[in-house]
Amino acid sequence: MNRREALFSLGLAAAVAPLAAKGVKAEELNGFPTATAQNPDHLPVPARRGGEYVVLRDETDRNTVKAVFDRLIPADDHGPAASEAGCIEFLDDQLAGTYGSGAALYLEGPLDPANEEAIMGMPQFLSTPRQRYEIGLKALEAYAQTTDGVAFAALSPDRIDEILTGLEAGEIDLGPEIHAGAFFELMLQNAREGYLSDPIYGGNKDMAGWKMIGFPGARYDYRPYIDRRGEALNLTPVSLIPQD
């Protein structure tokens with residue numbers, strides 16, 4: 001499965017999720033526990049506007065992220081590259097907030113990486129996503145300078161692909177503080193999120209990601225289409241961004 005196919009499959013899963021609720025009528029949702037009622041914390045927080053970076057202030061770091069993201073999701077006939085779709089701005093905004101500070105993560109020690117990975121089935125960290133980017137991006141730049149004598153962002157697309165493939169396979173050592181495979185997965189996850197999230201969060205500019213996969217967005221009511229399975233509905237995507 002190539003990168004485009006992965007994006008299509010991820011978007012299809014998101015698109016069909018509302019249809020899984022077939023048979024659940026609106027009136028059945030009445031009487032829900034008041035403790036689950038929405039409060040301001042449940043509302044989406046729009047991305048900052050103004051173009052100033054909070055976390056990715058260093059130009060070299062931004063160039064490295066752009067070089068990575070644009071190889072993970074390059075521009076083609078289906079849509080723009082990740083950076084063109086606002087994925088860098090999306091990432092910076094997320095890293096500046098509760099996601100970047102690891103507010104939902106347990107970050108207390110002690111931690112034995114080998115044991116934790118064996119028990120949990122995946123690498124565990126005491127560092128936040130923001131710290132992992134701060135360390136990882138500088139390590140990527142240092143790796144390129146050492147092996148190729150140029151900045152990471154100046155490498156050819158084929159060479160960047162080679163390094164990313166090595167990272168994914170855990171075959172490239174970026175230093176004792178960095179789990180290469182997990183850092184690759186983190187960047188891939190965030191590139192996908194920026195490309196397919198609601199534009200209110202700073203990425204998916206002009207809803208390019210949704211248009212590419214045919215996802216109609218945050219529509220209030222899908223009941224008129226619930227029986228039209230397998231059809232291309234060709235609905236204009238709708239964002240959470242207020243239209244008034």
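Taking a 6.0 Å sphere around CD of Glu59, one finds it holds 12 or fewer heavy atoms contributed by other residues, nucleotides or ligands. Heavy atoms of other residues, nucleotides or ligands lying less than 6.0 angstrom from CD of Gln145 number more than 12.
Cluster membership for Leu126 and Leu95, using ILVMFWY side-chain heavy atoms within less than 4.5 angstrom, is not shared.
Defined by atom type and a distance below 3.5 Å, a donor-acceptor pair is present between the side-chain atoms of Gln189 and Glu193. A side-chain donor from one of Asn190 and Tyr133 sits under 3.5 Å from a side-chain acceptor of the other.
A side-chain donor-acceptor contact under 3.5 Å links Asp92 to the backbone of Val55. In this structure, Thr128 contributes its side chain and Gly100 its backbone to a donor-acceptor pair below 3.5 Å.
Residues Met122 and Glu185 fail the side-chain proximity criterion, which asks for heavy atoms closer than 4.5 Å. In this structure, Ser239 and Met207 have side chains that are in contact, with non-hydrogen atoms separated by less than 4.5 Å. Side-chain contact between Pro216 and Thr236 is absent, with no heavy-atom pair separated by less than 4.5 Å. A heavy-atom distance below 4.5 Å is found between the side chains of Val68 and Leu140. A 4.5 Å side-chain heavy-atom check between Glu116 and Pro123 finds every atom pair outside the cut-off. Two residues are said to be in side-chain contact when any heavy atoms from C-beta on lie closer than 4.5 Å; Tyr53 and Ile88 meet this criterion.
Considering CG of Asp58 and CG of Leu137, their distance stands at 9.0 Å, rounded to 0.5 Å. Distance check: Glu141 CD to Thr64 OG1 gives 5.0 Å after rounding to the nearest 0.5 Å. How far CG of Leu72 is from CZ of Phe184: 5.5 Å, rounded to the nearest 0.5 Å. If you take CG on Asp93 and CG on Leu56, they are separated by 11.0 Å, rounding to the nearest 0.5 Å. For the atom pair CG (Asp173) and CD1 (Ile178), the distance works out to 9.0 Å, reported to the nearest 0.5 Å. Expressed to the nearest 0.5 Å, how far NZ of Lys211 lies from CD1 of Ile213 amounts to 13.0 Å.
In terms of heavy atoms, Cys87 sits closest to Ala191 at SG-O, 3.7 Å. Lys205 and Gly86 make their closest contact through CE-CA, 3.7 Å (heavy atoms, listed as atom of the first residue, atom of the second, distance). Between Ala96 and Arg130, the shortest heavy-atom distance links the atoms CA-NH1, 4.4 Å. Here the closest non-hydrogen pair linking Trp210 and Pro199 is CH2-CD, 3.9 Å.
Every residue two or more places apart in sequence or in another chain that forms a side chain to side chain contact (heavy atoms under 4.5 Å, CB included) with Arg132 is listed here: Phe125, Ser127, Ala182, Leu186. With sequence neighbours excluded, no residue forms a ring pair (Phe, Tyr, Trp, His ring centres under 6.0 Å) with Phe90. Here Leu240 pairs with Pro44, Asp198, Ile200, Tyr201, Ala218 under the side chain to side chain contact (heavy atoms under 4.5 Å, CB included) rule; sequence neighbours left out. Remark: Glu84 pairs with no residue by the side chain to side chain donor-acceptor pair (under 3.5 Å) rule, at least two apart or across chains. Taking Arg62 as the reference, nothing meets the side chain to side chain donor-acceptor pair (under 3.5 Å) condition, with sequence neighbours excluded. Applying the side chain to side chain donor-acceptor pair (under 3.5 Å) criterion to Asn204, with sequence neighbours excluded, gives no partner residue. With sequence neighbours left out, Asp221 forms a salt bridge (Lys or Arg N to Asp or Glu O under 4.0 Å) with Arg223. With sequence neighbours left out, Asp70 forms a side chain to side chain contact (heavy atoms under 4.5 Å, CB included) with Lys66, Ala81, Ala82, Ser83.
Remark: Lys138 does not engage Glu134 in a salt bridge, criterion side-chain N to carboxylate O under 4.0 Å.
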Atom pairs and distances, donor-acceptor, side-chain atoms in residues 149-156, under 3.5 Å, two or more places apart:
unit_1 : atom_1 : unit_2 : atom_2 : d
Ser156 : OG     : Arg159 : N      : 3.1

Side chains of residues 103-112: which donor-acceptor pairs under 3.5 Å do they make with residues two or more places apart or in other chains?
unit_1 : atom_1 : unit_2 : atom_2 : d
Asp112 : OD1    : Ala114 : N      : 3.1
Asp112 : OD1    : Asn115 : N      : 3.4
Asp112 : OD2    : Asn115 : ND2    : 3.3

Per-pair distances, 0.1 Å, donor-acceptor, side chain in residues 165-172, under 3.5 Å, sequence neighbours excluded:
unit_1 : atom_1 : unit_2 : atom_2 : d
Thr165 : OG1    : Asp161 : O      : 2.7

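Through chains of ILVMFWY side-chain contacts below 4.5 Å, Met120 is grouped with Ile119.
The aromatic ring centroids of Phe69 and Tyr195 lie 6.0 Å or more from each other.
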